[in-house]
Protein chains: 2
Amino acid sequence: MATRKPTAPELHRQAVAAYVAAGGEESVQRVITAVASLSKKLDQWYARQLADLDLASGEWAVVAALAKAGEPLTPSQLADLTNVAPSSMTHRLDKLAERGLVERAPDATNRTRVFVALTEDGWQLFSLAIRGSDVVESDVLQDLSEKERGELARLLEVVIARLDDIEA
Amino acid sequence: MATRKPTAPELHRQAVAAYVAAGGEESVQRVITAVASLSKKLDQWYARQLADLDLASGEWAVVAALAKAGEPLTPSQLADLTNVAPSSMTHRLDKLAERGLVERAPDATNRTRVFVALTEDGWQLFSLAIRGSDVVESDVLQDLSEKERGELARLLEVVIARLDDIEA
DNA sequence: CTCGAAGAATTCGACATCGAAATATTAGCA
DNA sequence: TGCTAATATTTCGATGTCGAATTCTTCGAG
(Lines give C-alpha, C1' and ligand atoms only; values in the text may rest on other atoms or scores of the structure.)
Protein backbone atom coordinates (compact mmCIF):
# COMPACT_ATOMS: atom_id res chain seq x y z
CA MET A 1 0.00 0.00 0.00
CA ALA A 2 1.83 3.07 -1.23
CA THR A 3 -0.53 5.57 0.38
CA ARG A 4 -1.04 5.58 4.13
CA LYS A 5 -4.38 4.36 5.36
CA PRO A 6 -6.61 7.40 6.02
CA THR A 7 -7.78 8.04 9.57
CA ALA A 8 -11.43 8.08 10.53
CA PRO A 9 -11.65 11.89 10.72
CA GLU A 10 -10.03 12.16 7.30
CA LEU A 11 -12.51 9.73 5.83
CA HIS A 12 -15.29 11.68 7.48
CA ARG A 13 -14.16 15.00 6.02
CA GLN A 14 -13.72 13.46 2.58
CA ALA A 15 -17.19 11.98 2.72
CA VAL A 16 -18.85 15.22 3.79
CA ALA A 17 -16.97 17.14 1.12
CA ALA A 18 -18.03 14.71 -1.58
CA TYR A 19 -21.67 14.79 -0.51
CA VAL A 20 -21.71 18.57 -0.34
CA ALA A 21 -20.04 18.80 -3.73
CA ALA A 22 -22.75 16.53 -5.12
CA GLY A 23 -25.47 18.85 -3.88
CA GLY A 24 -26.08 17.88 -0.26
CA GLU A 25 -26.50 20.37 2.56
CA GLU A 26 -23.49 20.63 4.85
CA SER A 27 -25.05 20.62 8.32
CA VAL A 28 -27.12 17.64 7.26
CA GLN A 29 -24.28 15.70 5.76
CA ARG A 30 -21.99 16.25 8.71
CA VAL A 31 -24.50 14.61 11.01
CA ILE A 32 -25.62 11.82 8.72
CA THR A 33 -22.13 10.88 7.66
CA ALA A 34 -20.92 10.82 11.24
CA VAL A 35 -23.77 8.58 12.32
CA ALA A 36 -23.10 6.23 9.43
CA SER A 37 -19.39 5.89 9.98
CA LEU A 38 -19.74 5.54 13.73
CA SER A 39 -22.33 2.85 13.29
CA LYS A 40 -20.20 1.05 10.76
CA LYS A 41 -17.21 0.98 13.05
CA LEU A 42 -19.28 -0.26 15.94
CA ASP A 43 -20.70 -3.02 13.77
CA GLN A 44 -17.20 -4.15 12.92
CA TRP A 45 -16.30 -4.38 16.58
CA TYR A 46 -19.44 -6.25 17.43
CA ALA A 47 -18.80 -8.72 14.65
CA ARG A 48 -15.36 -9.46 16.07
CA GLN A 49 -16.67 -9.73 19.59
CA LEU A 50 -19.48 -11.99 18.50
CA ALA A 51 -17.09 -14.22 16.62
CA ASP A 52 -15.58 -15.04 20.00
CA LEU A 53 -18.99 -16.27 21.08
CA ASP A 54 -19.32 -18.13 17.77
CA LEU A 55 -22.36 -16.09 16.87
CA ALA A 56 -23.10 -14.48 13.50
CA SER A 57 -24.23 -10.87 13.70
CA GLY A 58 -27.63 -11.79 12.34
CA GLU A 59 -28.05 -14.37 15.06
CA TRP A 60 -27.11 -11.78 17.66
CA ALA A 61 -29.74 -9.47 16.23
CA VAL A 62 -32.38 -12.08 17.00
CA VAL A 63 -31.18 -12.62 20.56
CA ALA A 64 -30.96 -8.88 21.17
CA ALA A 65 -34.42 -8.23 19.73
CA LEU A 66 -35.96 -10.80 22.03
CA ALA A 67 -34.08 -9.43 25.03
CA LYS A 68 -35.15 -5.88 24.26
CA ALA A 69 -38.77 -6.86 23.77
CA GLY A 70 -38.77 -8.74 27.06
CA GLU A 71 -41.45 -11.08 25.77
CA PRO A 72 -41.83 -13.75 23.07
CA LEU A 73 -42.08 -12.55 19.49
CA THR A 74 -43.24 -14.19 16.29
CA PRO A 75 -40.85 -15.00 13.45
CA SER A 76 -42.44 -12.25 11.36
CA GLN A 77 -41.85 -9.67 14.03
CA LEU A 78 -38.27 -10.80 14.42
CA ALA A 79 -37.74 -10.65 10.67
CA ASP A 80 -39.09 -7.12 10.67
CA LEU A 81 -37.02 -5.99 13.64
CA THR A 82 -33.82 -7.46 12.31
CA ASN A 83 -34.29 -6.38 8.72
CA VAL A 84 -34.41 -9.75 7.12
CA ALA A 85 -36.89 -11.66 4.96
CA PRO A 86 -39.31 -13.89 6.87
CA SER A 87 -38.10 -16.87 4.90
CA SER A 88 -34.57 -16.32 6.16
CA MET A 89 -35.74 -16.21 9.73
CA THR A 90 -36.93 -19.80 9.57
CA HIS A 91 -33.45 -21.15 9.09
CA ARG A 92 -31.89 -18.80 11.62
CA LEU A 93 -34.33 -19.86 14.26
CA ASP A 94 -33.65 -23.49 13.42
CA LYS A 95 -29.99 -22.96 14.16
CA LEU A 96 -30.54 -20.90 17.29
CA ALA A 97 -33.02 -23.46 18.60
CA GLU A 98 -30.54 -26.23 17.90
CA ARG A 99 -27.99 -24.43 20.04
CA GLY A 100 -30.57 -24.03 22.77
CA LEU A 101 -30.62 -20.22 22.73
CA VAL A 102 -34.26 -19.83 21.74
CA GLU A 103 -37.41 -21.93 21.91
CA ARG A 104 -40.39 -22.10 19.60
CA ALA A 105 -43.84 -22.54 21.07
CA PRO A 106 -47.16 -22.61 19.23
CA ASP A 107 -49.67 -19.89 20.07
CA ALA A 108 -52.65 -21.64 21.63
CA THR A 109 -55.12 -18.96 20.50
CA ASN A 110 -53.97 -18.79 16.90
CA ARG A 111 -52.47 -21.84 15.36
CA THR A 112 -50.96 -20.01 12.43
CA ARG A 113 -48.59 -18.23 14.75
CA VAL A 114 -45.47 -19.37 16.53
CA PHE A 115 -43.88 -17.65 19.47
CA VAL A 116 -40.14 -17.52 19.87
CA ALA A 117 -38.63 -16.94 23.31
CA LEU A 118 -35.14 -16.73 24.76
CA THR A 119 -34.06 -19.67 26.86
CA GLU A 120 -32.06 -19.24 30.04
CA ASP A 121 -28.91 -19.81 28.00
CA GLY A 122 -30.06 -17.16 25.59
CA TRP A 123 -30.43 -14.61 28.38
CA GLN A 124 -27.04 -15.44 29.76
CA LEU A 125 -25.44 -15.03 26.37
CA PHE A 126 -27.13 -11.67 25.94
CA SER A 127 -25.93 -10.42 29.28
CA LEU A 128 -22.43 -11.67 28.64
CA ALA A 129 -22.20 -9.93 25.28
CA ILE A 130 -23.55 -6.66 26.59
CA ARG A 131 -21.12 -6.45 29.46
CA GLY A 132 -18.29 -7.16 27.05
CA SER A 133 -19.29 -4.58 24.49
CA ASP A 134 -20.03 -1.92 27.07
CA VAL A 135 -16.31 -1.71 27.70
CA VAL A 136 -15.53 -0.89 24.09
CA GLU A 137 -18.39 1.55 23.90
CA SER A 138 -17.24 3.41 26.98
CA ASP A 139 -13.82 3.74 25.40
CA VAL A 140 -15.36 5.25 22.30
CA LEU A 141 -17.12 7.89 24.35
CA GLN A 142 -14.22 8.61 26.69
CA ASP A 143 -13.56 12.08 25.23
CA LEU A 144 -17.04 13.29 26.14
CA SER A 145 -17.94 14.54 29.59
CA GLU A 146 -20.99 13.15 31.30
CA LYS A 147 -22.82 16.35 30.41
CA GLU A 148 -21.82 16.10 26.76
CA ARG A 149 -22.98 12.51 26.59
CA GLY A 150 -26.33 13.56 27.91
CA GLU A 151 -26.55 16.35 25.35
CA LEU A 152 -25.54 14.00 22.54
CA ALA A 153 -28.12 11.45 23.61
CA ARG A 154 -30.79 14.14 23.87
CA LEU A 155 -30.15 15.46 20.36
CA LEU A 156 -30.18 11.99 18.88
CA GLU A 157 -33.39 11.16 20.66
CA VAL A 158 -35.03 14.25 19.19
CA VAL A 159 -34.14 12.95 15.77
CA ILE A 160 -35.42 9.48 16.57
CA ALA A 161 -38.73 10.88 17.69
CA ARG A 162 -39.16 12.19 14.16
CA LEU A 163 -38.43 8.91 12.41
CA ASP A 164 -41.89 7.39 12.46
CA ASP A 165 -43.54 10.45 10.98
CA ILE A 166 -41.58 10.32 7.79
CA GLU A 167 -42.23 6.88 6.31
CA ALA A 168 -43.98 8.74 3.46
CA MET B 1 -51.09 -8.27 14.82
CA ALA B 2 -52.87 -7.96 18.13
CA THR B 3 -50.40 -5.49 19.63
CA ARG B 4 -49.81 -2.11 18.04
CA LYS B 5 -46.47 -1.64 16.33
CA PRO B 6 -44.13 0.17 18.74
CA THR B 7 -42.85 3.62 17.77
CA ALA B 8 -39.17 4.39 17.32
CA PRO B 9 -38.82 6.18 20.67
CA GLU B 10 -40.50 3.27 22.42
CA LEU B 11 -38.14 0.82 20.80
CA HIS B 12 -35.26 3.04 21.78
CA ARG B 13 -36.32 3.18 25.43
CA GLN B 14 -36.86 -0.57 25.53
CA ALA B 15 -33.45 -1.20 24.08
CA VAL B 16 -31.67 1.12 26.50
CA ALA B 17 -33.53 -0.40 29.41
CA ALA B 18 -32.60 -3.93 28.34
CA TYR B 19 -28.95 -3.04 27.90
CA VAL B 20 -28.78 -1.27 31.22
CA ALA B 21 -30.52 -4.18 32.92
CA ALA B 22 -27.91 -6.49 31.42
CA GLY B 23 -25.10 -4.47 32.92
CA GLY B 24 -24.44 -1.63 30.49
CA GLU B 25 -23.88 1.97 31.54
CA GLU B 26 -26.84 4.22 30.85
CA SER B 27 -25.20 7.30 29.34
CA VAL B 28 -23.24 5.02 27.03
CA GLN B 29 -26.17 2.91 25.98
CA ARG B 30 -28.40 5.89 25.27
CA VAL B 31 -25.90 7.20 22.75
CA ILE B 32 -24.88 3.90 21.19
CA THR B 33 -28.42 2.65 20.86
CA ALA B 34 -29.58 5.90 19.31
CA VAL B 35 -26.79 5.84 16.76
CA ALA B 36 -27.57 2.25 15.88
CA SER B 37 -31.29 2.71 15.41
CA LEU B 38 -30.87 5.93 13.49
CA SER B 39 -28.38 4.30 11.18
CA LYS B 40 -30.62 1.31 10.69
CA LYS B 41 -33.56 3.45 9.70
CA LEU B 42 -31.48 5.47 7.30
CA ASP B 43 -30.19 2.29 5.70
CA GLN B 44 -33.74 1.15 5.11
CA TRP B 45 -34.58 4.40 3.37
CA TYR B 46 -31.49 4.25 1.26
CA ALA B 47 -32.28 0.70 0.23
CA ARG B 48 -35.70 1.79 -0.99
CA GLN B 49 -34.35 4.83 -2.76
CA LEU B 50 -31.62 2.78 -4.40
CA ALA B 51 -34.13 0.20 -5.55
CA ASP B 52 -35.59 2.93 -7.73
CA LEU B 53 -32.19 3.27 -9.36
CA ASP B 54 -32.00 -0.53 -9.63
CA LEU B 55 -28.92 -0.57 -7.43
CA ALA B 56 -28.22 -2.93 -4.54
CA SER B 57 -26.99 -1.22 -1.41
CA GLY B 58 -23.64 -2.95 -1.68
CA GLU B 59 -23.24 -1.63 -5.19
CA TRP B 60 -24.04 1.85 -3.97
CA ALA B 61 -21.37 1.49 -1.30
CA VAL B 62 -18.79 0.97 -4.03
CA VAL B 63 -19.92 3.97 -6.05
CA ALA B 64 -20.01 6.15 -2.93
CA ALA B 65 -16.57 5.03 -1.77
CA LEU B 66 -15.06 5.94 -5.12
CA ALA B 67 -16.83 9.28 -5.14
CA LYS B 68 -15.66 10.11 -1.63
CA ALA B 69 -12.08 9.13 -2.35
CA GLY B 70 -12.05 11.27 -5.48
CA GLU B 71 -9.49 8.99 -7.07
CA PRO B 72 -9.26 5.40 -8.31
CA LEU B 73 -9.07 2.68 -5.68
CA THR B 74 -8.04 -0.95 -5.78
CA PRO B 75 -10.51 -3.79 -5.24
CA SER B 76 -8.92 -4.51 -1.86
CA GLN B 77 -9.36 -0.97 -0.70
CA LEU B 78 -12.96 -0.99 -1.84
CA ALA B 79 -13.57 -4.28 -0.06
CA ASP B 80 -12.14 -2.80 3.09
CA LEU B 81 -14.10 0.44 2.85
CA THR B 82 -17.37 -1.29 2.13
CA ASN B 83 -16.96 -4.07 4.68
CA VAL B 84 -16.98 -6.98 2.33
CA ALA B 85 -14.61 -9.83 1.55
CA PRO B 86 -12.19 -9.15 -1.31
CA SER B 87 -13.48 -12.19 -3.13
CA SER B 88 -16.97 -10.72 -3.15
CA MET B 89 -15.73 -7.49 -4.63
CA THR B 90 -14.66 -9.23 -7.80
CA HIS B 91 -18.18 -10.15 -8.78
CA ARG B 92 -19.62 -6.80 -7.73
CA LEU B 93 -17.13 -4.96 -9.87
CA ASP B 94 -17.91 -7.25 -12.77
CA LYS B 95 -21.54 -6.25 -12.56
CA LEU B 96 -20.87 -2.55 -12.09
CA ALA B 97 -18.43 -2.56 -14.98
CA GLU B 98 -20.99 -4.31 -17.15
CA ARG B 99 -23.43 -1.50 -16.41
CA GLY B 100 -20.79 1.04 -17.27
CA LEU B 101 -20.63 2.64 -13.83
CA VAL B 102 -17.00 1.81 -13.10
CA GLU B 103 -13.93 0.95 -15.11
CA ARG B 104 -10.99 -1.32 -14.29
CA ALA B 105 -7.51 -0.31 -15.38
CA PRO B 106 -4.26 -2.12 -14.70
CA ASP B 107 -1.67 -0.27 -12.64
CA ALA B 108 1.32 0.23 -14.92
CA THR B 109 3.81 0.33 -12.06
CA ASN B 110 2.56 -2.79 -10.31
CA ARG B 111 0.93 -5.46 -12.36
CA THR B 112 -0.53 -7.17 -9.32
CA ARG B 113 -2.83 -4.28 -8.77
CA VAL B 114 -5.93 -3.09 -10.55
CA PHE B 115 -7.40 0.38 -10.28
CA VAL B 116 -11.12 0.94 -10.29
CA ALA B 117 -12.53 4.32 -11.25
CA LEU B 118 -15.97 5.85 -11.62
CA THR B 119 -17.10 6.50 -15.16
CA GLU B 120 -18.99 9.62 -16.13
CA ASP B 121 -22.22 7.64 -15.72
CA GLY B 122 -21.05 6.57 -12.30
CA TRP B 123 -20.53 10.16 -11.21
CA GLN B 124 -23.92 11.17 -12.50
CA LEU B 125 -25.59 8.35 -10.64
CA PHE B 126 -23.81 9.37 -7.44
CA SER B 127 -24.89 12.96 -7.74
CA LEU B 128 -28.45 11.98 -8.54
CA ALA B 129 -28.71 9.70 -5.52
CA ILE B 130 -27.22 12.26 -3.15
CA ARG B 131 -29.58 15.01 -4.17
CA GLY B 132 -32.48 12.63 -3.70
CA SER B 133 -31.46 11.39 -0.29
CA ASP B 134 -30.57 14.83 1.01
CA VAL B 135 -34.26 15.61 1.03
CA VAL B 136 -35.09 12.72 3.34
CA GLU B 137 -32.13 13.49 5.56
CA SER B 138 -33.17 17.10 5.95
CA ASP B 139 -36.61 15.92 7.00
CA VAL B 140 -35.09 13.71 9.65
CA LEU B 141 -33.21 16.65 11.13
CA GLN B 142 -36.03 19.15 10.86
CA ASP B 143 -36.60 19.34 14.60
CA LEU B 144 -33.08 20.54 15.25
CA SER B 145 -32.06 24.17 14.89
CA GLU B 146 -29.03 25.03 12.85
CA LYS B 147 -27.13 25.54 16.07
CA GLU B 148 -28.19 22.16 17.43
CA ARG B 149 -27.16 20.43 14.23
CA GLY B 150 -23.75 21.96 14.55
CA GLU B 151 -23.49 20.83 18.14
CA LEU B 152 -24.63 17.33 17.26
CA ALA B 153 -22.11 17.13 14.45
CA ARG B 154 -19.36 18.42 16.71
CA LEU B 155 -20.02 15.84 19.41
CA LEU B 156 -20.13 13.00 16.91
CA GLU B 157 -16.90 14.18 15.34
CA VAL B 158 -15.20 14.12 18.73
CA VAL B 159 -16.20 10.50 19.04
CA ILE B 160 -15.03 9.69 15.53
CA ALA B 161 -11.64 11.20 16.25
CA ARG B 162 -11.23 8.56 18.92
CA LEU B 163 -12.10 5.60 16.72
CA ASP B 164 -8.70 4.87 15.24
CA ASP B 165 -6.98 4.79 18.61
CA ILE B 166 -9.04 1.93 19.90
CA GLU B 167 -8.54 -0.92 17.42
CA ALA B 168 -6.79 -2.76 20.26
C1' DC C 1 -72.69 -21.96 7.42
C1' DT C 2 -69.92 -21.82 3.57
C1' DC C 3 -66.61 -20.10 0.65
C1' DG C 4 -63.09 -17.05 -0.71
C1' DA C 5 -59.71 -13.61 0.86
C1' DA C 6 -56.13 -12.55 4.09
C1' DG C 7 -52.36 -13.75 7.21
C1' DA C 8 -48.37 -16.62 9.03
C1' DA C 9 -44.81 -19.77 8.62
C1' DT C 10 -42.29 -22.70 5.74
C1' DT C 11 -40.20 -24.79 1.39
C1' DC C 12 -37.83 -24.12 -2.87
C1' DG C 13 -34.81 -22.43 -6.59
C1' DA C 14 -31.65 -18.58 -7.79
C1' DC C 15 -28.10 -15.66 -6.49
C1' DA C 16 -24.67 -13.05 -3.36
C1' DT C 17 -21.20 -13.62 0.02
C1' DC C 18 -17.74 -15.93 2.58
C1' DG C 19 -13.17 -18.30 3.57
C1' DA C 20 -9.72 -21.10 1.62
C1' DA C 21 -7.03 -22.25 -2.14
C1' DA C 22 -4.98 -20.95 -6.60
C1' DT C 23 -2.45 -17.74 -9.57
C1' DA C 24 0.48 -14.11 -10.60
C1' DT C 25 3.56 -10.49 -9.39
C1' DT C 26 6.64 -7.93 -6.45
C1' DA C 27 9.95 -7.23 -2.56
C1' DG C 28 13.56 -8.62 0.43
C1' DC C 29 17.69 -10.90 1.40
C1' DA C 30 21.60 -14.11 1.23
C1' DT D 1 21.21 -13.30 -9.23
C1' DG D 2 18.09 -16.77 -7.15
C1' DC D 3 14.88 -18.12 -3.72
C1' DT D 4 11.47 -17.33 -0.33
C1' DA D 5 7.92 -14.56 1.76
C1' DA D 6 4.44 -11.24 1.07
C1' DT D 7 0.77 -8.91 -1.60
C1' DA D 8 -3.30 -8.53 -4.83
C1' DT D 9 -6.71 -10.52 -7.34
C1' DT D 10 -9.45 -14.14 -8.77
C1' DT D 11 -11.61 -18.96 -8.66
C1' DC D 12 -14.17 -22.42 -6.18
C1' DG D 13 -17.20 -24.95 -3.00
C1' DA D 14 -20.30 -24.17 0.95
C1' DT D 15 -23.62 -21.42 3.20
C1' DG D 16 -27.01 -17.52 4.00
C1' DT D 17 -30.50 -14.66 2.04
C1' DC D 18 -34.09 -13.36 -1.06
C1' DG D 19 -38.63 -13.53 -3.51
C1' DA D 20 -42.20 -16.57 -5.13
C1' DA D 21 -44.96 -20.34 -4.40
C1' DT D 22 -47.06 -23.58 -0.82
C1' DT D 23 -49.62 -25.07 3.18
C1' DC D 24 -52.39 -24.29 6.89
C1' DT D 25 -55.42 -21.45 9.68
C1' DT D 26 -58.43 -17.60 10.65
C1' DC D 27 -61.56 -13.94 9.40
C1' DG D 28 -65.56 -11.95 7.17
C1' DA D 29 -69.29 -11.27 3.64
C1' DG D 30 -73.23 -13.11 1.93
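The chains referred to below are lettered A, B, ... by the order of the sequence lines, with proteins before strands, and numbering in each begins at 1.
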Looking only at side-chain N and O atoms, does Arg111(A) come under 4.0 Å of OP1 or OP2 in dT26(D)? yes

Does the pair Glu148(B) and Arg154(A) meet the rule for a salt bridge (Lys or Arg N to Asp or Glu O under 4.0 Å), with working shown? CA-CA 11 Å; Glu148(B) 284 176 319; Arg154(A) 184 187 72 79; 3.3 Å; yes

Side chain of Ala85(A) (C-beta onward), nearest among dC18(D), dC24(D), dT7(D): dC18(D)

Between Asp134(A) and Arg131(A), does at least one N-O distance fall below 4.0 Å, as a salt bridge requires? no

Within the pair Thr90(B) and dT10(D), is there a side-chain N or O less than 4.0 Å away from OP1 or OP2? yes

What is the distance from CG of Asp107(B) to P of dT7(D), rounded to the nearest Å? 17 Å

Tell me whether the side-chain N/O atoms of Ser88(A) come closer than 4.0 Å to OP1 or OP2 in dC18(D). yes

Answer yes or no: is there an ion pair linking Lys40(A) with Asp43(A), defined by an N-O contact shorter than 4.0 Å? no

In whole angstrom, give the distance that lies between atom CG of Asp94(B) and atom P of dA16(C). 11 Å

Can you tell me if the side-chain N/O atoms of Arg92(B) get under 4.0 Å from OP1 or OP2 in dT17(C)? yes

Would you mind reading off the distance between Leu78(A) atom CG and dA8(C) atom P, rounded to a whole angstrom? 14 Å

Output the distance between atom CG (Asp143(A)) and atom CZ (Arg149(A)), rounded to the nearest 0.5 Å. 9.5 Å

Touch class at under 4.0 angstrom, heavy-atom based, for Pro86(B) against every strand present: base

As a test of reading the structure: which of dC18(C), dT25(C), dA8(C) is closest to the side chain of Thr112(A), going by heavy atoms? dA8(C)

Separation of dA6(C) atom P from Asn110(A) atom CG, nearest Å, is 17 Å

No-H, no-angle donor-acceptor pair, Ser87(A) side chain to dG19(D) base, under 3.5 Å: yes

Within this structure, what is the CG-to-P distance between Asp80(A) and dT17(D), rounded to whole angstrom? 16 Å

Check the distance between dC15(C)'s C1' and His91(B)'s NE2 and give it to me in whole angstrom. 8 Å

Are Arg104(B) and dT10(D) close enough that a side-chain N or O sits under 4.0 Å from OP1 or OP2? yes

Side-chain N or O of Lys95(B) less than 4.0 angstrom from OP1 or OP2 on dC15(C)? no

Report the distance from atom CG of Leu93(A) to atom P of dT10(C), rounded to the nearest whole Å. 7 Å

Say you draw a straight line from CD of Gln124(B) to CG of Leu101(B); how long is it, rounded to the nearest 0.5 Å? 10.5 Å

To the nearest Å, give me how far apart CZ (Phe115(B)) and P (dA8(D)) are. 11 Å

